[in-house]
Amino acid sequence: MKSGQLPGVRQLCYAPAPQAEFDVEVLSFAQLRLMDRGRRRTRPQRPDFHVMALVQSGVGRHTADFIEYPLRERTVVWIRPGVVHRWTDVDDLEGPLLLFAQGFPPAPGPVAHAAGNVFGPACWQLEEDVWELAVRAADHLRHEHAAAVSHPRLASAPVLAHLLSARIHHVLPASGRSVPQPLAHGARRPLSP
């Protein structure tokens, strides 16, 4: 056993498809099920990358750090690197899954801060108005990613990173949207009156 590995937990390394060698990949629950006919997704695994999912339809369950979460429409799941998780029941779910490498969202800002927060929430529900924006942002990212894969001359890692950031920003829990920004080196906070 390698250092840091848990017995019975499969270690997953970020490995995009050869034609999609970016630090972000867009899949769907349907694609996940097709790629995993052996249902390894139902056993504990620990990725070294981020997985973010939007549940557009269906009901199911997900386990992250040994806590089980119910999944239904407008659920956001964020599996951060190093989190032990398993897709307990996703046979009925539809929606996009984003896989992205550590450090891919541009820094600094609330998205990079949320991505680096190892204690951040693993699962939450979105309000309907925010949900619509999140789905549109995910769809835009999916189209941009597909264009980059099929026409490499159109590929732009910065565009993909910014679209990913926009998508994540839309789904952050309300408290995560107003994360205080760190001061630049040497800057001083204004005094309160």
Distance, nearest 0.5 Å, that separates CG of D48 from CD of Q11: 8.5 Å
salt_bridge(R43, D36) N-O dist < 4.0 Å: no
F29 to V55 - nearest heavy-atom pair and separation: CE1-CG2, 4.3 Å
Side-chain donor/acceptor of R10 to backbone N/O of Q45, under 3.5 Å: no
Short side-chain to backbone donor-acceptor contact, H145 and V24, under 3.5 Å: yes
Short N-O contact, D139 and R136, less than 4.0 angstrom: no
From CA spacing to verdict: side chain to side chain contact (heavy atoms under 4.5 Å, CB included), V84, D65: CA-CA 5 Å; V84 174; D65 278 342; 4.3 Å; yes
Intermediate values then yes/no, side chain to side chain contact (heavy atoms under 4.5 Å, CB included), F119 and R80: CA-CA 9 Å; F119 300 109; R80 289 168 174 83; over 6 Å; no
Exam field: side chain W124 to backbone V171, donor-acceptor pair closer than 3.5 Å: yes
Gap separating the CZ atom of R46 from the SG atom of C13, nearest 0.5 angstrom: 10.5 Å
Co-membership, hydrophobic cluster, residues L133 and V26, 4.5 Å side-chain: no
Nearest non-hydrogen partners of A30 and E94, listed with the distance: CB-OE1, 3.9 Å
Reported CG-to-CG distance for the pair L54 and L71, which is rounded to 0.5 angstrom: 11.5 Å
Rounded distance (nearest 0.5 Å) linking atom CG of D23 with atom CD of Q102: 11.0 Å
Exercise: identify the closest heavy-atom pair between Q56 and P96: OE1-CD, 3.4 Å
Rounded distance (nearest 0.5 Å) linking atom CE of M35 with atom CZ of R40: 9.5 Å
Heavy-atom pair with the smallest gap, counting every atom of S165 and V111: O-CG2, 3.4 Å
Nearest non-hydrogen partners of C123 and T75, listed with the distance: SG-CG2, 3.4 Å
V77 side chain reached by V51 side chain, heavy atoms, under 4.5 Å: no
Test side chain to side chain contact (heavy atoms under 4.5 Å, CB included) applied to L126 and V76, step by step: CA-CA 7 Å; L126 287 182; V76 177; 3.6 Å; yes
Backbone N/O of D129 and side chain of E132: donor-acceptor pair under 3.5 Å: no
Worked check of side chain to side chain contact (heavy atoms under 4.5 Å, CB included) between F100 and L160: CA-CA 10 Å; F100 56 100; L160 291 170; over 6 Å; no
Joint cluster assignment, V9 & F66, ILVMFWY side-chain distance < 4.5 Å: yes
Euclidean distance, D92 CG relative to R33 CZ, rounded to 0.5 Å: 8.0 Å
Check: P70 and V59 side chains under 4.5 Å, non-hydrogen atoms: no
The single option from R41, H85, R86 passing side-chain hydrogen bond (donor to acceptor under 3.5 Å, both in side chains) against H62: H85
Residue of the set T42, T63, I79 for which side-chain contact (heavy atoms from CB on, under 4.5 Å) holds with W87: I79
Heavy-atom side-chain contact between W78 and I168 under 4.5 Å: yes
Sidechain-backbone polar pair: Q125 side chain, E73 backbone, donor-acceptor under 3.5 Å: yes
Cluster overlap Y69 with W131, hydrophobic side-chain contacts below 4.5 Å: no
